[in-house]
Amino acid sequence: MSSSITLHHVRNLCAAATTSASSSISISKAKAKLRSQFDPDKALKIYSSLSDHYTTSSPASSRYAQDLTVKRLAKSGRFTDIETLLESHKNDPKITQEPYLSSLIRSYGVAGMFDHALKTFNQMDDFGTPRSTISFNALISACNQSKRFDLVPQLFDEIPQSHGFLPDKFSYGILVKSYCESNSPELAVDTLKRMEEKGIEITTVTFTTIFDCLYKNGKSDEAETIWNEMVMKGCLPDVAAYNVRIMHTHNGDPEIVKAMIEEIINAGLKPDSISYNYLVNCYCKIGKVDEAMKVYARLEEYGSNPNAATYRTLVYYLCRNEEFEKGYKVFKESVKFHKIPDFNTLKLLVEGLMKKSKKKEAKGLCRTVRKKFPNSFSWRKVEEELGLAAAPPLASGEGETQEASR
DNA sequence: CTAGGGTTAG
């Protein structure tokens with residue numbers, strides 16, 4: 001392995017971030033850990049322990065792990081660390097492979113660091129990396145991610161022409177998205193005509209981008225026109241397309257959501273957790289938490305899984321209903337699947353449990369939550385106010401050691 | 001080997 005300065009820096013960064021030596025772990029394990037790890041230092045540690053497997057594991061997985069790590073770092077404003085991490089990858093021999101380099105461009109986009117994305121794109125000549133739509137699409141996608149929507153049409157006109165390749169259906173999809181994001185649905189619709197003229201396939205994804213944008217801009221009739229156009233062209237809606245339609249048309253009525261879920265099933269597709277969450281949400285909001293719980297109980301039978309939002313919604317409304325024991329049961333399930341609700345919902349639950357003298361349950365909850373917010377003084381305060389502060393007060397790094405050992 | 005849908009309470 002190369003021992004360049006930048007790699008060395010990354011290693012130091014990782015070492016400083018951890019209390020124990022990092023060990024190699026599998027990519028699927030790393031992904032699961034990264035999803036639930038909101039501490040950027042720990043995310044970096046997990047990611048670095050997996051870098052050794054970068055070559056042997058699937059590129060899609062490592063890209064996902066890289067994006068998650070970068071997202072965590074970006075959220076904490078650690079842009080220098082992102083730069084160190086991503087720049088170190090430029091010493092990899094794979095940098096001459098366009099997909100590998102493109103993943104760096106994409107990651108800079110995820111971090112909102114468009115200037116670095118562009119710099120990386122321009123460095124391709126130095127690295128001797130061949131150019132095609134792959135890196136171009138990564139670049140304009142990074143543009144969208146960094147909210148530089150105006151730049152996309154400009155780059156779209158300049159880059160393919162000057163480098164001698166043609167934009168593909170993905171490039172056009174990203175262009176359409178940029179128009180939608182700058183609230184110019186009419187320019188997005190115009191692009192469809194342009195695509196037809198050039199014989200570029202208009203996919204379900206592109207249609208979905210547009211009618212979502214039309215709905216968001218209050219143009220429901222036009223959105224439905226685009227939906228019909230999509231179907232007429234034999235371009236079949238998928239679950240994501242249906243979910244967009246559910247989102248903009250349910251109007252708080254669970255019966256509408258149910259009907260559309262039926263429609264998805266009748267179309268031979270399987271509704272996903274997003275589809276069912278609309279149903280759970282609608283029931284909760286009109287005060288029918290028991291109906292929401294019935295949907296939750298049958299999710300497995302439907303071939304779907306609850307996600308973090310499902311748990312949060314259910315626990316929140318069960319608490320509002322003063323059904324704290326049921327809330328605790330749902331909370332336990334959320335723990336089992338590493339999808340525990342947010343701070344405020346947990347606070348509501350633990351306070352309710354104490355109000356109902358369910359001290360054992362309250363303590364159990366605290367044990368778990370301390371692991372999620374190991375150094376949170378606000379959670380400690382919640383525990384203290386309820387007389388549940390079992391652990392000794394946080395001394396020099398003690399909380400973190402405890403957390404890491406579990 | 002890329003682009004689209006939600007993060008839902010107050």
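Chain letters run A, B, ... following the sequence lines, proteins first, then strands; residues in each count from 1.
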_Checking contacts here: which listed nucleotide (B/dG4, B/dA9, B/dT2) is nearest the side-chain heavy atoms of A/D168?_
B/dT2
*Look at all strands and tell whether A/S171 reaches a base, only sugar-phosphate, or nothing, counting heavy atoms closer than 4.0 Å.*
nothing
*Any side-chain N or O of A/N281 less than 4.0 Å from the OP1 or OP2 oxygen of B/dA9?*
yes
_Regarding A/D342, tell me which of base, sugar-phosphate or nothing describes its non-hydrogen contacts under 4.0 Å with the strands shown._
base
*Return the value, rounded to whole Å, for the distance between atom CD1 of A/I174 and atom C1' of B/dC1.*
11 Å
*Which whole-number value in Å describes the distance from A/L101 CG to B/dC1 C1'?*
14 Å
*Determine: side-chain N/O of A/R106 to OP1/OP2 of B/dC1, distance under 4.0 Å, yes or no.*
no
*Rounding to a whole Å, what distance do you find between A/I202:CD1 and B/dG4:P?*
17 Å
*Report which part of the nucleic acid A/T204 touches: base, sugar-phosphate, or nothing (heavy-atom distance under 4.0 Å, all strands).*
base
*In whole angstroms, how far is the C1' atom of B/dG4 from the CZ atom of A/F207?*
13 Å
*Please determine, by modelled atom types, if A/N137 and A/S171 share a side-chain donor-acceptor pair under 3.5 angstrom.*
yes
*Flag the pair A/I159 / A/F165 as yes when at least one side-chain heavy-atom distance between them is below 4.5 Å, and no otherwise.*
yes
*Provide, to the nearest angstrom, the distance between the CD atom belonging to A/E201 and the P atom belonging to B/dT2.*
15 Å
*In whole angstrom, what separates A/F170's CZ from B/dG4's P?*
11 Å
*To the nearest 0.5 angstrom, please state how far the NE2 atom of A/H163 sits from the CE atom of A/M124.*
8.5 Å
_Rounded distance in Å - CG (A/N137) to P (B/dA3)_ = 8 Å
*asked:* Heavy atoms only, 4.0 Å cut-off, all strands: where does A/S102 land among base, sugar-phosphate and nothing?
replied: nothing
_If you compare every side-chain N and O of A/K285 against the phosphate oxygens of B/dA9 (OP1, OP2), does one of them come in below 4.0 Å?_
yes
_A/S141 side-chain N/O to B/dA3 phosphate OP1/OP2 under 4.0 Å_ = yes
*Which of the following nucleotides, B/dG4, B/dG10, B/dG6, is nearest to the side chain of A/M247?*
B/dG6
*So is A/R131 actually on top of A/F121's ring, under 6.0 Å and inside 45° of the axis?*
yes
_Within the 3.5 Å criterion, strictly below it, is a donor on A/T120 or A/K90 matched to an acceptor on the partner's side chain?_
yes
_Closest to side chain of A/N344, choosing from B/dA9, B/dG6, B/dC1_ = B/dA9
*Looking at A/T191, A/L175, A/L151, which one forms a side-chain contact (heavy atoms from CB on, under 4.5 Å) with A/F156?*
A/L175
*Indicate, with a heavy-atom threshold strictly under 4.0 Å, whether A/A241 touches base, sugar-phosphate, or nothing.*
base
_Nucleotide of B/dG4, B/dG10, B/dG6 approaching A/N307 most closely (side-chain heavy atoms)_ = B/dG6
*Check whether NZ of the Lys or CZ of the Arg A/K94 lies under 6.0 Å from the centre of the six-membered ring of A/Y100 and within 45 degrees of that ring's axis.*
yes
*Does B/dC1 have OP1 or OP2 sitting under 4.0 Å from an N or O in the side chain of A/Y100?*
no
*When all nucleic acid strands are considered with a 4.0 Å heavy-atom cut-off, which category describes A/A138: base, sugar-phosphate, or nothing?*
nothing
*Between B/dA3, B/dA9, B/dG6, spot the one nearest the side chain of A/Y316, thanks.*
B/dA9
*Report the distance from atom CG of A/L348 to atom P of B/dG10, rounded to the nearest whole Å.*
10 Å
_Classify A/V176 by what it touches in the nucleic acid, base, sugar-phosphate, or nothing, heavy-atom distance under 4.0 Å._
nothing
_What's A/Y278 touching, base or sugar-phosphate or nothing? Going by heavy atoms closer than 4.0 Å._
base
*asked:* The side chain of A/A309 is closest to which nucleotide in this list: B/dA3, B/dA9, B/dG6?
replied: B/dG6
*Measure distances between side-chain N and O atoms of A/T208 and base N and O atoms of B/dG4, and say whether any donor-acceptor pair falls under 3.5 Å.*
yes
